[in-house]
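Report on one structure; see the data block that follows.
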2 protein chains.
Amino acid sequence: MEKAKGKIRIKDIARMAGVSAGTVDRVLHQRGIVSEKSRKAVNKVLEEINYSPNLLARSLASKKSYRFICLFPAYQKGEYWESIEKGFRQAAEEFENYKVEVLIEYFNQFDSSSFVEAAKTVMKYEPNAVIMSPVFRQETLEFTHQLSEKNIPFSFIDSMIEDADFIAYYGQHSSLSGYIGGKLLFQSLPPNSRILILHTFRKGSSGAIQTENRKKGFLRYMEENRLNDTTELLSVEIFEDDDERNIKLLQKIFDECQGIQAAITFNSKVHRLAKYFKILSHPEIKLIGYDVLEENITYLKEDIVSYLIAQRPEKQAYCSIRDMSYHLIFNRKINRINYVPIDILIKENIDYYLNFNE
Amino acid sequence: MEKAKGKIRIKDIARMAGVSAGTVDRVLHQRGIVSEKSRKAVNKVLEEINYSPNLLARSLASKKSYRFICLFPAYQKGEYWESIEKGFRQAAEEFENYKVEVLIEYFNQFDSSSFVEAAKTVMKYEPNAVIMSPVFRQETLEFTHQLSEKNIPFSFIDSMIEDADFIAYYGQHSSLSGYIGGKLLFQSLPPNSRILILHTFRKGSSGAIQTENRKKGFLRYMEENRLNDTTELLSVEIFEDDDERNIKLLQKIFDECQGIQAAITFNSKVHRLAKYFKILSHPEIKLIGYDVLEENITYLKEDIVSYLIAQRPEKQAYCSIRDMSYHLIFNRKINRINYVPIDILIKENIDYYLNFNE
DNA sequence: TGTTATTTTGTGTACGTGCACAAAATAAAT
DNA sequence: ATTTATTTTGTGCACGTACACAAAATAACA
């Protein structure tokens, strides 16, 4: 019923090819010098038996070890990057026995010089690979050039810089996720609606690329469905740390504009709006946001947020390390561009979504 | 920055506790006899250093091997169970080096005696564990009793029998997935709608439990939202292998009842309805179905199916084997009830969903 | 043909753990 | 005190691979 997978090991191959284990090893790894005759004999056997090495034994015997450094923004509890770090740590644990050491290095996402500093630190560690989130385009490019010079492979997470020579990228197709946000928002909405679009103002912020792209996708949806003429978009700037001011601002808008049907924000801070809407007694406004943060979940379950659009950050982080290990240690082919699923979450399916993130 | 994880191995522990490696081994695995004095000494060291064994070396050295048998319905290409088998095979590959052998045994899901036969065959293999889909309640229960007698652990996949003594269960919360089907269907639907509910008639079919539960969930949604009075449900029975007859049947219904707004089916065969609706030129009817089959995807992308509700069958199968391995080989604690996420798929997010099933 | 340089091949040990078996320590019996 | 039985402990090999080093085979040259 099952093909009898070979229990054939190196020494069996050696015997079958009439050579020693050492020679088989040399053929397998293309190291040292092997006579044409022996090489052919070994290769012939290899083709016949479909040898697959025991990766456990390989790792155990190998003298090589690997140091991966993960470079991404420092964060506060409950933020998006917390999930990313969780994924890194999970992978670290799993690949520890394969002699992979995972170090984490943070930088301030609102200060490019902090990134440059962190990059320097990373180089000092002499890593075998780097996983990073490219917040600052120019500075990241310079860093990747350094890495390439030293033949240190690197992958991107969250977003990517297309012209860099990265091994792999893991992240959401952000413009598409914005497009989907549009679709979810406009369905079951009467024509001629007023819609709030909320941005968060942050001093020093370079305007995250992800967020911008989501908005582009959203607008594309409106355009494709000819909603521009029948819809009134109200753009509002929220402030990072000033609830009182934000509430006043929203109150004013509600007073001036009647009949606001829905609201969307393209960063992960929809929980803040939910809080305001709750306080201002506007739970009827359909609210859509991004990312599975604990606070967002709370409001989703309370039915104040209608949809969360999610992107499995743990999985992104986990896979980036897993694939880099596969690439370096086992020499496996891996995908270069890895767009994560765009998950649509509602009150009813959030629970099991969380449970099953292994 | 990182806690310095111990490179401390058994022989280090032995040295630190002033005993031999053999004694440490005996304490770790509670085998053989160890004097109180030695046990205490070893345990003390163990508590201090937080030892975690090298699982690679452990598997390599272990003489034990494991035979898992997966028992589920025989299927045709493109059916739901194909994904299940894919997940099993993937896990089989990954755990091969851990000396786990995975065998697959099919039965006819429309014939309980075929299950009984298959179960007999399974016993002959003398498996170390069984993963199965419990289609026939009574027959499965008898089988699980036999397994329990022989101390063979087993897990359920797809659905479960609550009173059996299973190790773990992996599947969708089917009633909830039906509830969500209701929510998706009724949103953006005008009040006073006519809705088609389609069942598939299959000779000898016991009426899959999953499908029934989904319908229950759907009806619960209607009840909770007081849709019973304003909605007209039309129940239609479709035949498994008679397209012509089905089309005639539907044509008749369309002729008799105007203004059908939406349709849903609780099994994975929504592609068949999609085909009929396309032929009968009723693409405006909102159609919802379950499971990511290739044919379903086609109609989702054509916008004939509006939503697919999915349940990651590969992952279910994969995890069932992974966890059984963890349980038997590494003695890890695993979750007993594992409800898979209920994924909401639309035209726009189906592509990356597929890509990332690793 | 012998000697040396060069290429090619074979052997042994290590990785960290499991497990069988021998050795040592202790207890029991005479 | 000696033998014997019993408990407890230590040692050595195996798993499948990587890799260093020794050994053998061949080529080059005198």
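We use all heavy atoms of the structure for the numbers below, so side chains are in, but hydrogens, waters and symmetry mates are not. Worth saying up front: this structure is predicted, and the values here are computed from it rather than measured. Sequence lines set the chain letters: A, B, ... in the order given, protein chains first and strands last, and positions in each chain run from 1.
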Aromatic contact, B:Phe88 with B:Tyr318 (centres under 6.0 Å):
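No - the distance between ring centres of B:Phe88 and B:Tyr318 does not fall below the 6.0 Å cut-off.
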Looking only at non-hydrogen atoms, find the nearest pair between A:Leu328 and A:Asn128 and report the distance.
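Smallest interatomic distance, heavy atoms only, reads CD1-O, 3.8 Å.
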Check B:Arg39 against B:Val34 and note the closest heavy-atom contact, atom names and distance.
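Where B:Arg39 meets B:Val34 most closely, the heavy atoms are NH1-O, 3.4 Å.
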Would you grab the first and last nucleotide of DNA chain D (5' to 3') that comes under 4.0 Å of any non-hydrogen atom in chain A?
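From 5' to 3', the first and last contacting nucleotides are D:dG16 to D:dC19.
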Applying side-chain contact (heavy atoms from CB on, under 4.5 Å) to B:Met324 and B:Tyr66, what does each step give before you reach the verdict?
CA-CA 10 Å; B:Met324 188 62 87; B:Tyr66 303 85; over 6 Å; no
Distance, rounded to the nearest Å, where [X] contributes [atom1] and [N] contributes [atom2]:
{"X": "B:Ile8", "N": "C:dT17", "atom1": "CD1", "atom2": "P", "value": "11 Å"}
{"X": "B:Arg9", "N": "C:dG18", "atom1": "CZ", "atom2": "C1'", "value": "14 Å"}
{"X": "B:Lys11", "N": "C:dT17", "atom1": "NZ", "atom2": "C1'", "value": "11 Å"}
{"X": "B:Phe330", "N": "C:dG16", "atom1": "CZ", "atom2": "C1'", "value": "14 Å"}

With under 30° as parallel and over 60° as perpendicular, where do the rings of A:Tyr169 and A:Tyr339 fit, or are they tilted in between?
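Because their plane-to-plane angle is over 60°, the rings of A:Tyr169 and A:Tyr339 count as perpendicular.
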Hey, what's the ring geometry for B:Tyr98 with B:Phe330, parallel, tilted or perpendicular (30° and 60° as the breaks)?
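Taking B:Phe330 first and then B:Tyr98, their aromatic rings stand perpendicular (interplane angle over 60°).
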First encountered from the 5' end of DNA chain C, between A:Val19 and B:Ile10:
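By nearest-heavy-atom nucleotide position, the 5'-most residue is A:Val19.
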With DNA chain D as reference, determine whether B:Thr23 or B:Lys99 sits nearer its 5' end, using the nearest nucleotide of each.
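Its nearest nucleotide lies further toward 5', so the answer is B:Thr23.
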Within 45° of the six-membered ring axis of A:Phe95 and under 6.0 Å from that ring's centre, is NZ or CZ of A:Arg322 located there?
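Verdict for A:Phe95: no cation-pi partner in A:Arg322.
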Mind grabbing the angle between the end helix axes of the helix from C:dT1-D:dA30 to C:dT30-D:dA1? Five pairs an end, 10° rounding.
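One end axis against the other gives 60°.
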Heavy atoms only, 4.0 Å cut-off, all strands: where does B:Asp25 land among base, sugar-phosphate and nothing?
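Base, at least one base atom sits under 4.0 Å.
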Kindly state which residues belonging to residues 28-45 of chain A come within less than 4.0 angstrom of DNA chain C, counting heavy atoms of the residue only, listed by number.
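Result for residues 28-45 of chain A: A:Ile33, A:Val34, A:Ser35, A:Ser38, sorted by number.
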Which residue is it: A:Asn338, A:Ile131, A:Thr144? I am looking for the one with a side-chain contact (heavy atoms from CB on, under 4.5 Å) to A:Phe156.
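So, applying the side-chain contact (heavy atoms from CB on, under 4.5 Å) to A:Phe156 and each of A:Asn338, A:Ile131, A:Thr144, only A:Thr144 qualifies.
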Between C:dC19, C:dG16, C:dC21, which nucleotide gets closest to the side-chain atoms of B:Lys64?
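Among C:dC19, C:dG16, C:dC21, the one nearest the side chain of B:Lys64 is C:dC19.
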Lys/Arg N to Asp/Glu carboxylate O, A:Asp12 vs A:Arg9, below 4.0 Å
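No, A:Asp12 and A:Arg9 are not salt-bridged.
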Got a salt bridge between B:Asp323 and B:Arg332, using NZ or NE/NH1/NH2 to carboxylate O under 4.0 Å?
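Judged by the 4.0 Å cut-off on N to carboxylate O distance, B:Asp323 and B:Arg332 do not form a salt bridge.
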Please determine whether any donor N or O and acceptor N or O are separated by less than 3.5 Å between the side chain of B:Arg26 and the base of C:dG18.
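Not at all, since no donor on one side and acceptor on the other fall under 3.5 Å apart.
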A:Glu85 and A:Tyr106: side-chain donor and acceptor closer than 3.5 Å?
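A:Glu85 vs A:Tyr106: donor-acceptor pair found between side chains.
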